[in-house]
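Note sheet for the following structure.
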Amino acid sequence: MFEGITKGLQGALSFFNRGKLTEHNMQDGLRAVQQALLEADVSYQVARTFVQKIEEEAAGTKILESLNPEQQIVGIVHQQLVNLMGPVDHSLNIRRGEITIIMMCGLQGSGKTTTCGKLATMLKAEGRRCMLVAADLQRPGAVDQLKILGEQIGLPVYSEAQPTTALKVCANALAAAKRSQDVSVLILDTAGRLHVDQALMNELEEIDRKLQPHQVLLVCDSMTGQDAVNSAKAFNDALELNGVILTKLDGDARGGAALSIRSVTGVPIKFIGVGEQLEKLEKFHPERMAGRILGMGDVVSLFEKAQEQFDAEQMEAQRQKMLKGKFTLVDFKEQMKGIRKMGSISDIMKMIPGMGQMMPASGELDGAEDEMRKIEGIIDSMTPRERENPDLIDNSRRRRIAKGSACEPHDVNKLLKQFKDMAGLMQQMAGKSKMEQFRMFQQMGQSGMLNPDAQLQAAKMRSKRGPEDFRAEAEKKKKQRKDAKKQRKKNRK
Amino acid sequence: MGLWDRLKTGLQKAKTLLQTDVRDLFKAGEILTEDKLEEFYARLIRTDMGVPAATAIRDELKEKHLGRTLVLDDVWKTIKDKLRSLLKGGEGTLWDPNQPLSPLKFAAQKPTVILVAGVNGVGKTTSIAKLANLLKKSGKKVVLAAGDTFRAAAVEQLTLWSQRLGCEIVTKPAGSDPASVAHAGCTKALESGADVLIIDTAGRIQTQTNLMKQLEKIHRVITSQIPEAPHEVLLVLDATTGQNGVSQAQHFSQVVRCTGLILAKLDGTAKGGIVLAIRQMMSLPVKYVGLGEKIDDLDVFDPDSFVEALFSD
């Protein structure tokens, strides 16, 4: 019961896998789906409606006669999850020729200030000129936090030494932004507040009335339980939200709040926060979220990441090199850097279909990242000639390299061996389509090649055939023998 | 009753809702049906107490009252007793609400070290300030260690609180090793003869292995300097947290052996039922509850009052 929603729903659905789908065991299965949703913090009412909808859709004869009921049910559950969380709208309606005001609000500790920084980072990458406004006058240190974030991103932060009210700070900030003529987006960081705190909610409404922000975004913690519905509703009633940003999705929270908020308020979820670094803000995709929930992986997202990080030309050049079999250690290092830029290995693994389940308990993969850093160090300690032609490396060179990169000579050896394997594989990959390459990459992962120490951990590999298959196989052979015997008898006659 | 009255007003909305709902549901003289039980189950789920705890209560009701004529007081008694027994767990963890320091285990020899941990944004720093205030009021000398060197301005936040409270604080520049701050804090507490040292830590999601290892290191550094310390490891939990709270409690306990919970932000509409699930799964008791943004808004957790506040008029 402690695993994420992914396992919960998968467990619930494996129910359907047993034998044929009947009216009776479908009820059991749906009850399991509902329980999984409740354990995922989906609000009771939403979970109930969700299950009822599935029941309606699955009630037709089609499903009962179908050969693979589980797949169909997965399809329906997936589609319903998507319907519940979508459609989505990622635009922030940035205006031309005037200053766009974005107001952030939410409960205490939902991650407003950090999200302000992330949003500003994202908008800056799009070429907008943002200004952050420190309107959180409640929490000690909040203004300092925003100032430091502004410094890190390289953006102006408007704050007042002796602020009177949040409203005044915001109004003055708008005036200052207009004066400077170099600001196109103003992001207001308001104080965290409880939705039942009438005084503070009034303050928000007042800012909303006076400044008329173009976008009001609610920041919500993805770990929130049943209460998510109440607070989202209250904020929406008071402010007419334009969107929701779901934070802290990098943990093992099941994120049922996403389902609840969307279906109760109708406000789209625009972005998700997936880490503490400033660039860890992603667009929200209901299909992907639903896919993730069902354990179907998130290949599209992975491709997008890869595309952002790998320069297309550089990729093509590498492909050409691979084709000619000229894949050198320098390229190896570049690639590894690219992979590392995409995020932690475990992040990437989670997005590959089927890998989510086989991924070792969180953390075991973190070692792989250290390993990659070490490999980079070793390559850095080589001379350019050695990098071009690793065969040059003899005992004495190996010792020198090991010394230079603070590791043991056998580590250098291990790297060279890995490189040779990889180069061979690269040659195989070159010339194949992207999807095929990806499939190979997946196989590599499954065979443990991406994990340098896999030899130590991998359980002994047996035949792929399980016991059931064995029995079926034996059965089949027995029948064949019998048939052959009959045939021989027939022939003799 | 003091703060519990405030908690009651905080919970008023939720409580009256629950009560009227339940009153509507269980009318005296009627026969308790499966449908009614299912509806009641929905109410229980809404408190975030989780499927196992809600099921336990439902089953208890089922066993005792299903198919019988309802006597409201009896039903109430069953619910309350079950809730109380879930909250109290096996061993007796009853604290005196009038003795604000009774939940804490103090060291035989000064200083007592309290380590505070939790995920991001649950209210660790604020809870530390409130706890320090409570200790100071009881005449203890408190030293704070600003161990959150990661989040921008976290050190400033705690420094501001220390100035307001008038207690000493140990800080290091942003980005330095939090274990070194803990070390410096211990040294300072030993030198100045403080009664209590409270160490703040950065918020971390419980599945981030590297950050959890860092927390383990902080714990190790403290123990190596003061044997048997930290005497209390308090996990701060946001009352709005759903079922993920169990995962938080588990992961943090694995690394630093938590001794208790602080349930923060209980002044909203969230009912904090998740502590029931945590208590049931791993017998981690709630020691304090946070009931607002002011420095005095921290009170000793009292299971009876908690249940009463949920259900009483």
Side-chain angles (χ1 to χ4, degrees), chain A residues 1-4 35 38-41 43-45 47-48 107-114 117 138-149 151-152 192 194-197 221-228 230-231 234 247-248 250-254 256-257 275-276 346 362-366, chain B residues 10 13-14 41-43 45-48 50-52 54 119-123 125-126 129 150-161 164 174 203-210 212-213 238-248 250-251 264-265 267-271 273-274 281 293:
Chain A
M1 100 148 249
F2 309 121
E3 287 79 26
Q35 182 162 334
L38 289 182
E39 279 175 4
D41 289 325
S43 117
Y44 185 88
Q45 206 46 54
R48 192 79 210 120
L107 301 176
Q108 291 99 334
S110 52
K112 281 175 301 306
T113 307
T114 309
Q138 303 279 326
R139 184 168 56 102
V143 176
D144 292 320
Q145 189 186 351
L146 202 68
K147 273 189 198 158
I148 293 170
L149 281 175
E151 245 167 66
Q152 281 172 3
L194 283 168
H195 52 284
V196 285
D197 189 331
D221 186 336
S222 64
M223 298 178 188
T224 316
Q226 303 280 328
D227 195 48
N230 300 337
S231 53
T247 58
K248 306 182 203 170
D250 46 330
D252 61 352
R254 306 172 189 195
E276 294 194 73
S346 39
S362 68
E364 267 177 52
L365 279 168
D366 289 354
Chain B
K13 229 176 162 181
Y41 178 70
R43 320 273 180 225
I45 287 290
R46 277 183 206 143
T47 66
D48 280 322
V51 174
V119 301
N120 314 59
V122 288
T125 310
T126 310
F150 178 80
R151 203 200 68 200
V155 175
E156 282 86 339
Q157 190 182 347
L158 197 65
T159 311
L160 275 172
W161 277 121
R164 283 186 205 172
R204 61 203 75 219
I205 309 262
Q206 71 275 18
T207 51
Q208 289 164 337
T209 322
N210 291 339
M212 292 309 272
K213 276 189 187 142
D238 188 330
T240 60
T241 308
Q243 302 311 303
N244 194 250
V246 179
S247 163
Q248 290 173 22
Q250 279 202 322
H251 280 87
K265 307 188 205 170
D267 44 338
T269 50
K271 290 150 210 158
I274 187 62
M281 303 266 174
E293 292 203 299

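Quick note on labels: first sequence line is chain A, next is B, and so on, each numbered from 1.
Heavy atoms only, all atoms of each residue included: Gln206(B) and Ser247(B) are closest at NE2-OG, 3.0 Å. Contact detail for Met223(A) and Val119(B): the closest heavy-atom pair is SD-CG2, 4.2 Å.
Residue contact with chain B, scored on non-hydrogen atoms closer than 4.5 Å, involves the side chain of Arg139(A) exclusively. Contact annotation for Leu107(A): only side-chain heavy atoms (C-beta onward) come within less than 4.5 Å of a heavy atom of chain B. For Glu151(A), no part lies near chain B; criterion is any non-hydrogen pair under 4.5 Å. Using a 4.5 Å cut-off between heavy atoms, Ile45(B) touches chain A through backbone and side chain atoms alike.
When each of Gln35(A), Glu276(A), Gln138(A), His195(A) is scored by its heavy-atom pairs under 4.5 Å with chain B, the top score falls to Glu276(A). Per-residue heavy-atom pair counts under 4.5 Å with chain A were compared for Thr159(B), Asn120(B), Val122(B), and the maximum is reached by Asn120(B). Between chain B and the residues Pro140(A), Gly109(A), Ala142(A), the most heavy-atom pairs under 4.5 angstrom are made by Pro140(A). Looking only at heavy-atom pairs under 4.5 Å with chain B, the residue among Leu194(A), Asp221(A), Thr247(A), Thr114(A) that has the most is Leu194(A).
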Please walk me through it: do Thr241(B) and Asp48(B) pass side chain to side chain contact (heavy atoms under 4.5 Å, CB included)? CA-CA 8 Å; Thr241(B) 308; Asp48(B) 280 322; over 6 Å; no

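Between Ile274(B) and Val246(B), some side-chain heavy-atom pair lies under the 4.5 Å cut-off. Looking at heavy atoms from C-beta onward, Leu149(A) lies in side-chain contact with Thr113(A) at the 4.5 angstrom threshold.
Side-chain contact annotation: Glu293(B) with Gln108(A), donor-acceptor N/O pair under 3.5 Å present.
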